[in-house]
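Everything on this sheet refers to the single structure shown next.
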Amino acid sequence: MLGDARETDRLLDLADELAEQAGQRLHETPPWLYYQVDGFFELHAGQAWRYLGRRDPGYNRKAIDALTAGLAALPADMRASEWAGDFVYHLGRAYVQTGEQEHAAALAEELAGLAGRIGSKRLAQQAGALR
């Protein structure tokens, strides 16, 4: 969020290494980390790149690719959660930052539908911000 692209890239590379190491020790994973499924780390990387894309447009495509892949990898029940909706919003913002308003508008409709299904005023406001 501070715009330090070099440090963000370095830390995301480190996170990838640590996630790979953790993936080799899944039997040690405590049950309360159930949500760290395929796509989870891609979502967070995409969010970081989306923030960098505010200052450096070259990061927006990385954000779009990571957020799209991360959302697609989530199980259906998680994809329908409020926290996943936050990443739909970040994907929409990345599209806004690239000038692709039609993609952002489609995501706004998706987000508004999710907000209505789960009764989230916050997601409804985010959907409005993408329109």
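Keep in mind that this is a model prediction, so the values were computed, not measured. All residue numbers refer to positions in the sequence shown, counting from 1.
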Under the ring-ring contact (aromatic ring centres under 6.0 Å, His included) rule, collect the residues that match up with Y89, sequence neighbours excluded.
-> none
For the side chain of T68 and the backbone of D65, is there at least one donor-acceptor N/O pair under 3.5 Å apart?
-> no
What distance separates H90 NE2 from L130 CG, expressed to the nearest 0.5 Å?
-> 10.5 Å
Distance from L71 atom CG to L43 atom CG, nearest 0.5 Å?
-> 5.0 Å
Can you name the residues that form a side-chain contact (heavy atoms from CB on, under 4.5 Å) with R122, not counting sequence neighbours?
-> E82, D86, S120, Q126
Nearest 0.5 Å please: distance from the CZ atom of R50 over to the CZ atom of R93.
-> 6.0 Å
Check: R55 side chain, L52 main-chain N or O, donor-acceptor pair, under 3.5 Å | no
Do the rings of F87 and W83 sit parallel, tilted or perpendicular, given the 30° and 60° boundaries?
-> perpendicular
Residue set satisfying salt bridge (charged side-chain N to carboxylate O under 4.0 Å, His left out) with E102, at least two apart, ordered chain then number -> none
Considering all heavy atoms of both residues, which atom of A66 and which atom of E42 are nearest to each other, and what is their separation?
-> CB-O, 3.6 Å
Qualifying residues under side-chain contact (heavy atoms from CB on, under 4.5 Å), relative to A45, sequence neighbours excluded = L12, W49
Only pairs under 3.5 Å count here: list side-chain donor-acceptor contacts from residues 108-119, not counting sequence neighbours, and write none if there are none.
| residue | atom | partner | partner atom | Å |
| --- | --- | --- | --- | --- |
| E109 | OE2 | R131 | NE | 3.1 |
| E109 | OE2 | R131 | NH2 | 3.3 |
| E110 | OE2 | R79 | NH1 | 3.1 |
| E110 | OE2 | R79 | NH2 | 2.5 |
| R117 | NH1 | G113 | O | 3.3 |

Quiz: residues 57-64 side-chain donor-acceptor pairs under 3.5 angstrom, not counting sequence neighbours:
| residue | atom | partner | partner atom | Å |
| --- | --- | --- | --- | --- |
| Y59 | OH | D9 | OD2 | 2.8 |
| N60 | OD1 | Q97 | NE2 | 2.6 |
| N60 | ND2 | G53 | O | 3.3 |
| N60 | ND2 | P57 | O | 3.4 |
| R61 | NH2 | E100 | OE2 | 2.8 |

